[in-house]
Amino acid sequence: MIVLGVETSCDETAVSIVKDGKEVLANIVYSQIAIHQEFGGVIPEVASRHHVLKITYVLEAALKKANLEAKDIDLVAVTSTPGLIGSLMVGVNAAKAFALANEIEYIEVNHLIGHIYANYIEKDFVFPLLALVVSGGHTELVLMKDHYQFEILGQTLDDAVGEAYDKVGRVLDLPYPAGKPLDDLALMGDATYNLPYVYLDKDSYNFSFSGLKSAVLNLVNSTKQKGEAINKANLAASFQNSVVSVLVSKTIKAALEYKVKQIIVAGGVAANKGLRAKLKEAVSKIPNLELTFPKFEYCTDNAAMIAVAGYFKYKLQVK
Ligand code: KG4
Ligand code: ZN
C-alpha cells in the first residue's frame, strides 16, 4: 500500500511517500525556518502564506523523487490537528483536492500520533510500549497496548520541552529554533549552575518546565545587572541536565510500572543528544527493554511520519 503524507501544521511544508508504513520512497521538506528566524519565532500568517506558495511544488517533487504518478497512490494522509489553524488548512485542502481529483482514499491524522509513528520507520513496535513525546508544543508520556491505542499517563502542566529550549535559547542569543544549538552548547559545558529539578509529586507522570525556564531567565538578567558574564556553555549544560534528568527519571519509572517492552521517543526534542545518551544508559540497565529513536530527519516535522500513521489508521479502520 502506497501512502502519500502531507504535513503543514507549523513551519514545514512537507510531502512524503511511504510504502507499507515502512519504506520511505520520498521525503520532501521545505523548511520556512530562515523566513521566521528574523522574528525569533513562527509568525502564523506568514507561515500559512508560504505553505500556499510551496505545497504544489513539494507535492510534485515527492512524486518525482519516488518516480510515481498520482494513479499509483492508494491513500492520502494529512495532518489535521494540532497546529496553526491557517497552516493546517493549507495542507488539508491540498490533500483533499489531490485525493478527490485522482479518486484516492483520504484520511486525517493527528500530528502527535504522527511523531509517535516516526519510530515505526526505524523499528517495529513491541507492545506494551511507552512513548515519550517531546516536541515544540507538547510533552507527554503515552502508553500504547496496541497500534493506535493511546493512554496519556502524564503531560506538561505548562511549557513544552521544546518551547522551554526555544525560550532559554533566545536569552542566550541562539538562533530560532534554539533546541539544536542549545544542545550543542550544552555538550561543551559543565552543569555548574544551580537550577531547579522539577519532579512535582513523586507519583505523578506530569511535567512542569516553566519554573526552570524562569530560573534561567532570572539568572541571566541578574548576572547582566551585576555586570558579570554568563558562562553560556555551562548554563546550557545545567539547563539540559535538569530537563533530561526529569524526562529520563519519569520515563523509566513509567516503563517499569507498566512493564513495557519498548520505549520510543517522539518529536523534535527526540533529536537531543543529551537525552539520547542518558536514556540509552538508563535503559541498558533494564533487561528486555528496547529503546528506539527516530532517525534525525524524522524527529522534527516531516510527512513520512504522517503517511505511516495514516497507513495504520486506515488499515485498522480507526474512526
Ligand atoms: O516536533 P517539532 O518539529 O515541532 C512540533 O511539533 O512542535 O519540534 C520542534 C522543537 C523545537 O522547539 C526545537 O527547538 C526542538 O524541537 N528541537 C530540539 C532539538 N532539535 C529540535 N530540542 C532540543 N534538542 C535538540 N537537539
Ligand atoms: Zn511536530
Side-chain angles (χ1 to χ4, degrees), residues 1-5 7 14 16-25 27 74-75 77-79 82 107-135 138-155 205 247-248 250-272 275-276 278-280 282-319:
M1 181 172 193
I2 296 187
V3 186
L4 181 137
E7 156 64 45
S16 187
I17 299 173
V18 181
K19 191 178 171 194
D20 298 332
K22 201 77 175 171
E23 193 189 334
V24 181
L25 306 177
N27 184 46
D74 300 307
L75 175 70
V78 60
T79 307
I107 202 163
E108 295 183 351
V109 170
N110 176 294
H111 181 77
L112 297 174
I113 296 179
H115 273 303
I116 287 176
Y117 272 93
N119 285 277
Y120 188 81
I121 300 170
E122 194 62 25
K123 196 90 209 306
D124 283 3
F125 286 177
V126 200
F127 299 107
L129 75 73
L130 180 71
L132 171 65
V133 180
V134 274
S135 73
H138 294 80
T139 304
E140 289 175 1
L141 272 172
V142 182
L143 180 67
M144 287 179 74
K145 292 187 180 145
D146 206 339
H147 276 296
Y148 245 86
Q149 291 184 13
F150 311 98
E151 188 188 327
I152 298 177
L153 302 180
Q155 57 194 314
Y205 290 124
L247 289 176
V248 170
K250 290 194 184 243
T251 304
I252 296 294
K253 185 171 182 297
L256 293 174
E257 180 176 340
Y258 291 92
K259 299 187 175 55
V260 303
K261 296 193 174 122
Q262 185 183 18
I263 292 176
I264 63 176
V265 189
V269 187
N272 187 273
L275 175 63
R276 286 181 176 234
K278 242 200 180 134
L279 203 49
K280 250 183 220 160
V283 168
S284 71
K285 293 179 190 144
I286 302 167
N288 306 319
L289 180 59
E290 275 188 41
L291 174 64
T292 307
F293 292 95
K295 283 208 176 69
F296 282 112
E297 68 254 48
Y298 303 130
C299 286
T300 43
D301 291 348
N302 66 87
M305 66 187 199
I306 302 303
V308 179
Y311 167 81
F312 279 99
K313 190 176 180 189
Y314 182 83
K315 227 175 59 160
L316 300 169
Q317 296 185 308
V318 179
K319 284 288 155 246

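Residue indices begin at 1 and follow the sequence shown. The shown structure was predicted, so the numbers you read here are calculated from the model rather than taken from an experiment.
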Where is the tightest heavy-atom contact between [X] and [Y], given as atom of each residue plus distance?
X	Y	value
A14	A303	O-CB, 3.4 Å
A255	L289	CB-CD2, 4.4 Å
A304	I121	CB-CD1, 4.0 Å
A307	A77	CA-CB, 4.4 Å
P294	C299	O-SG, 3.7 Å

Steps toward side chain to side chain contact (heavy atoms under 4.5 Å, CB included) verdict (S135, V269): CA-CA 6 Å; S135 73; V269 187; over 6 Å; no
Could you tell me whether the side chain of [Y] reaches within less than 4.5 Å of the side chain of [X], counting heavy atoms only?
X	Y	result
P82	N110	yes
L279	L247	no
E151	M144	no
L153	L130	yes
V18	L25	no
T251	I263	yes

Just jot down the salt bridge (charged side-chain N to carboxylate O under 4.0 Å, His left out) partners of [X], sequence neighbours excluded, or say none.
X	answer
K261	none
K259	none
K123	E290

Residue pairs, two or more places apart or on separate chains, that pass ring-ring contact (aromatic ring centres under 6.0 Å, His included) and touch residues 295-319: Y117-F312, Y120-F312, H147-F312
All side chain to side chain donor-acceptor pair (under 3.5 Å) counterparts of [X], not counting sequence neighbours:
X	value
E257	Y205
K280	none
D124	K22

Has [X] got a side-chain atom pairing as donor or acceptor with [Y]'s backbone, closer than 3.5 angstrom?
X	Y	answer
N119	I264	no
N27	N302	no
N272	L275	yes

Verdict with reasoning, S16 to I306, per side chain to side chain contact (heavy atoms under 4.5 Å, CB included): CA-CA 8 Å; S16 187; I306 302 303; over 6 Å; no
[X] side, atom [atom1]; [Y] side, atom [atom2] - distance, nearest 0.5 Å:
X	Y	atom1	atom2	answer
L129	Y258	CG	OH	14.0 Å
L316	Y148	CG	OH	9.0 Å
D74	L4	CG	CG	11.0 Å
M305	I116	CE	CD1	10.5 Å
L141	Q155	CG	CD	10.0 Å

Pairwise salt bridge (charged side-chain N to carboxylate O under 4.0 Å, His left out) hits with a residue in residues 310-319, at least two apart: none
Salt bridge (charged side-chain N to carboxylate O under 4.0 Å, His left out) contacts in which one or both residues fall within residues 295-307, not counting sequence neighbours: E122-K295
Residues F150, L143; criterion side chain to side chain contact (heavy atoms under 4.5 Å, CB included); working and verdict: CA-CA 6 Å; F150 311 98; L143 180 67; over 6 Å; no
Side chains of H111 and E7, donor plus acceptor under 3.5 Å: yes
Check: Q262/T292 side-chain N/O donor and acceptor closer than 3.5 Å: yes
Sequence-distant partners of T300, side-chain contact (heavy atoms from CB on, under 4.5 Å), two or more places apart: none
Results of side-chain contact (heavy atoms from CB on, under 4.5 Å) for Q317 - residues two or more places apart only: none
K253 atom NZ, over 12 foreign heavy atoms within 6.0 Å: yes
Intermediate values then yes/no, side chain to side chain contact (heavy atoms under 4.5 Å, CB included), V78 and I107: CA-CA 7 Å; V78 60; I107 202 163; over 6 Å; no
